[in-house]
Amino acid sequence: MRQRDVRTWTILVSYFARVGSDGVVLELFKDMQNKGVVPNQFTLSSVLKCCSSLSELRIGKGVHGWILRNGITLDVVLENSLLDFYVKCKDLGSAKCLFELMEERNSVTWNILIGTHLNTGDVDKAVDMFRKLRIKDVTSWNIIIDGAMRNRFKRIALELLYEMVKHGTFLNEVTFSIALVLAASLLDLELGKQIHAAVFRMGIHVDDFIRNSLIDMYCKCGRMELSLKVLKKMDMDFGRKENSIVEIISWSSIISGFIRNGQFEDAFKTFTSMVRKEIEVDRSIITSIISGCANCGVLELGQQVHALFHKTGHKVDAHLGSSLIDMYAKCGNLDDAQMIFKQTSDRNVVLWTSMISGCAIHGQGREVVQQFESIISEGIKPNEVTFIGVLTACSHAGLIEEGCRYFRLMKEVYGFKPEVEHFTCMVDLYGRVGLLDEAKKFIHENGIHQMSAVWRSLLSSCRLHKDIEMAEWVCEKLLHLEPLDAGPYILLSNICTTKQRWEEAAEVRSLMQSRGVKKNPGQSWIEIKNQVHAFVVGDRSHPRKDEIYAYLDKLIKRLREIGYLSDTKNVMQDVEEEQGEMVLAFHSEKLAAAYGIISTSSQKRIRIMKNLRICNDCHNFMKYTSQLLGREIIVRDIRRFHHFKHGYCSCGEFW
DNA sequence: CTAGGGTTAG
């Protein structure tokens, strides 16, 4: 009788454990105890698993105590369950005690330990332990490959994968799923296609995980058409998995893919059609949409989505919080970004990094340094992106010493190899304050002269500090490294012209022409009542062009009265257009500003976006306008924000 | 019927 009771309970428990109803399992366990039914090892393992996925350290410990008190035999399976439970609930002390007392250990035991090292980021230890395993089963390989990849040891992960194939271990669907994620993160389309062919041959392309990994791999490799093809073909062959987690995840991948590829319209369209078709929109999709809004600067849509999400009563998690912070910061509302940051309770590295990068592009250097110190004191490990934010902040605020210190910290303490972005920040750090020779020295010392980005950064600094000699020299470098970039040609020919070296100027121009180099036309846009209005220099296509030009004319006259002078003589002018006061007066950002002023109430901030850097004259224009009209103007150019208020700019003349 | 591994968003 009693025996049958236990069997019935066990079947119930294992069923609910399998479908993931952890709460029900714990309830059943309580019932068993109340009724005096003694659970067997099967039940106990399931219960422990539920405790770890619910992070119920207390309940699990209770189970452990109960096992010891009731003299239940601790076989290796049950001990492994306990071990895994302690590890997952981050009670490493108890895990260690238990491990040392274990008489029998099998491959599962070692796999749990390897997984633990990988979760705490200790890849070396994990690999070391993996190498020493006498018996490596598929799961051991899967764990180490996946863990190495998650810790961004991508090359090692790939090497291990090849080694696994050579070793002759049978690859299962989990291996392929991991391999597809790896191919995606390496942006290795060829590898991805090979895996696609292999899973197809094995007939495991119907596996939900594989299906989504395939879709996501094509998205990440920028091949949206292939991704959509996989999705449609699967729906056709196996029927749509309506509103299942599988379907939501695949659409989530597609939307984020569109956004990554800059196809914002497609992303927004897919989003609205999902809403219309009542396909569930989960938080990952919302997160992607918000980050799309951040990247194309449509604040109003983003705010609407944010409000909608807020109304449904969901809490903002670290993922969504980061993208909201990013959006508000990139759209110029640093205050809102900071508010989101304060309201988000689980702060991880990415959330911190979003906040740091947000402050950095707004020029809040000191603030960033403080934040960075508090990250470290909170025990959060910064990543490579965090350092980009910190270094950007230092360079924008002229904090040379701090910048150098953090660059060293990154290399020496955290062991991150600097990438182009970090080097560019460093060159900027020196160049921005006028230490042009130091910047040059830095480039040579670090052996990064083949990176065009660092030279472009140096060129900007030459322009800022009006060092014509060095600018000329840097232009020559860039002409070789980046023959299709129009900027250096134009600047170089301007320099030659000023020095009356007409022939050279003509040579540069014709070289540019023969190489088919096209200028990137300067463009500014402003969002008014959910509508984006774009302007190019001297634009006459806007329906209210007459009003705009008339107002701009009037405004410039009034600005002159309070001291604004058009800066027409500057050879080092940004490259948007030809020189000349008339053209300068109609730069796209001025047109956008004029339109913003005449079409909104006098309280509202003006937010303008521009695809190039703002030029010196426009920068002055904005300062005087903010003073004259008492209005805040925010210009987001390709590099950073300029926050104009009472005649001053937040960039402190560094840009 | 029990232990270890896989899919999306910043």
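All chains are named by letter (A, B, ...) in the order of the sequence lines, taking the proteins before the strands, and each is independently numbered beginning at 1.
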> For the atom pair CG (A:Asp282) and NE2 (A:His314), what is the distance rounded to the nearest 0.5 Å?
Replying inline: 9.5 Å

> Where along residues 162-185 of chain A does a heavy atom come under 4.0 Å from DNA chain B, residue by residue in number order?
Replying inline: A:Asn172, A:Glu173, A:Val174, A:Ser177, A:Ile178, A:Val181

Among [options], which nucleotide sits nearest the side chain of [X]?
{"X": "A:Arg283", "options": "B:dG10, B:dC1, B:dA9", "result": "B:dA9"}
{"X": "A:Asn142", "options": "B:dG10, B:dG5, B:dC1", "result": "B:dG5"}
{"X": "A:Gln41", "options": "B:dG6, B:dA9, B:dT2", "result": "B:dT2"}
{"X": "A:Arg150", "options": "B:dA9, B:dG6, B:dG10", "result": "B:dG6"}
{"X": "A:Thr10", "options": "B:dG10, B:dC1, B:dG6", "result": "B:dC1"}
{"X": "A:Ser288", "options": "B:dA9, B:dG10, B:dT7", "result": "B:dA9"}

What is the distance, to the nearest angstrom, from the [atom1] atom on [X] to the [atom2] atom on [N]?
{"X": "A:Ile286", "N": "B:dT8", "atom1": "CD1", "atom2": "P", "result": "19 Å"}
{"X": "A:Trp9", "N": "B:dT2", "atom1": "CH2", "atom2": "C1'", "result": "18 Å"}
{"X": "A:His205", "N": "B:dG6", "atom1": "NE2", "atom2": "P", "result": "23 Å"}
{"X": "A:Glu247", "N": "B:dT8", "atom1": "CD", "atom2": "P", "result": "17 Å"}
{"X": "A:Leu320", "N": "B:dA9", "atom1": "CG", "atom2": "C1'", "result": "9 Å"}
{"X": "A:Leu214", "N": "B:dT8", "atom1": "CG", "atom2": "P", "result": "12 Å"}
{"X": "A:Phe341", "N": "B:dG10", "atom1": "CZ", "atom2": "P", "result": "19 Å"}
{"X": "A:Ile290", "N": "B:dG10", "atom1": "CD1", "atom2": "P", "result": "12 Å"}

>> Below 30° counts as parallel, above 60° as perpendicular, anything between as tilted: where do the rings of A:Trp141 and A:Phe130 land?
In response: perpendicular

>> Please verify the inter-ring angle class for A:His310 with A:His306; under 30° counts as parallel, over 60° as perpendicular, anything in between as tilted.
In response: perpendicular

Verify whether one side chain among [X] and [Y] offers a donor that lies under 3.5 Å from an acceptor in the other.
{"X": "A:Thr116", "Y": "A:Asn119", "answer": "no"}
{"X": "A:Asn106", "Y": "A:Thr109", "answer": "yes"}
{"X": "A:Asn142", "Y": "A:Thr139", "answer": "no"}

Need one value for [X]: base, sugar-phosphate or nothing, where a base atom within 4.0 Å counts as base even if backbone is also close, heavy atoms only.
{"X": "A:Thr109", "value": "nothing"}
{"X": "A:Arg105", "value": "nothing"}
{"X": "A:Ser354", "value": "nothing"}
{"X": "A:Asn106", "value": "base"}
{"X": "A:Ile11", "value": "nothing"}
{"X": "A:Ser252", "value": "base"}
{"X": "A:Ser253", "value": "sugar-phosphate"}
{"X": "A:Ile210", "value": "base"}

Is there a side-chain polar atom (N or O) of [X] under 4.0 Å from OP1 or OP2 of [N]?
{"X": "A:Lys330", "N": "B:dG10", "result": "no"}
{"X": "A:Arg7", "N": "B:dT2", "result": "no"}
{"X": "A:Lys220", "N": "B:dA9", "result": "yes"}
{"X": "A:Lys49", "N": "B:dT2", "result": "no"}

>> Tell me whether the side-chain N or O atoms of A:Ser284 pair up with the base of B:dT8 as donor and acceptor below 3.5 Å, since no angle test is needed here.
In response: yes

>> Quick test of your reading of the model: are A:Glu225 and A:Arg223 salt-bridged, counting only N-O distances below 4.0 Å?
In response: yes

> Looking at A:Lys96 and A:Glu100, does any basic side-chain N land under 4.0 Å from a carboxylate oxygen?
Replying inline: yes

>> Applying ring pair (Phe, Tyr, Trp, His ring centres under 6.0 Å), can you list everything that pairs with A:Phe29, at least two apart in sequence or on another chain?
In response: none

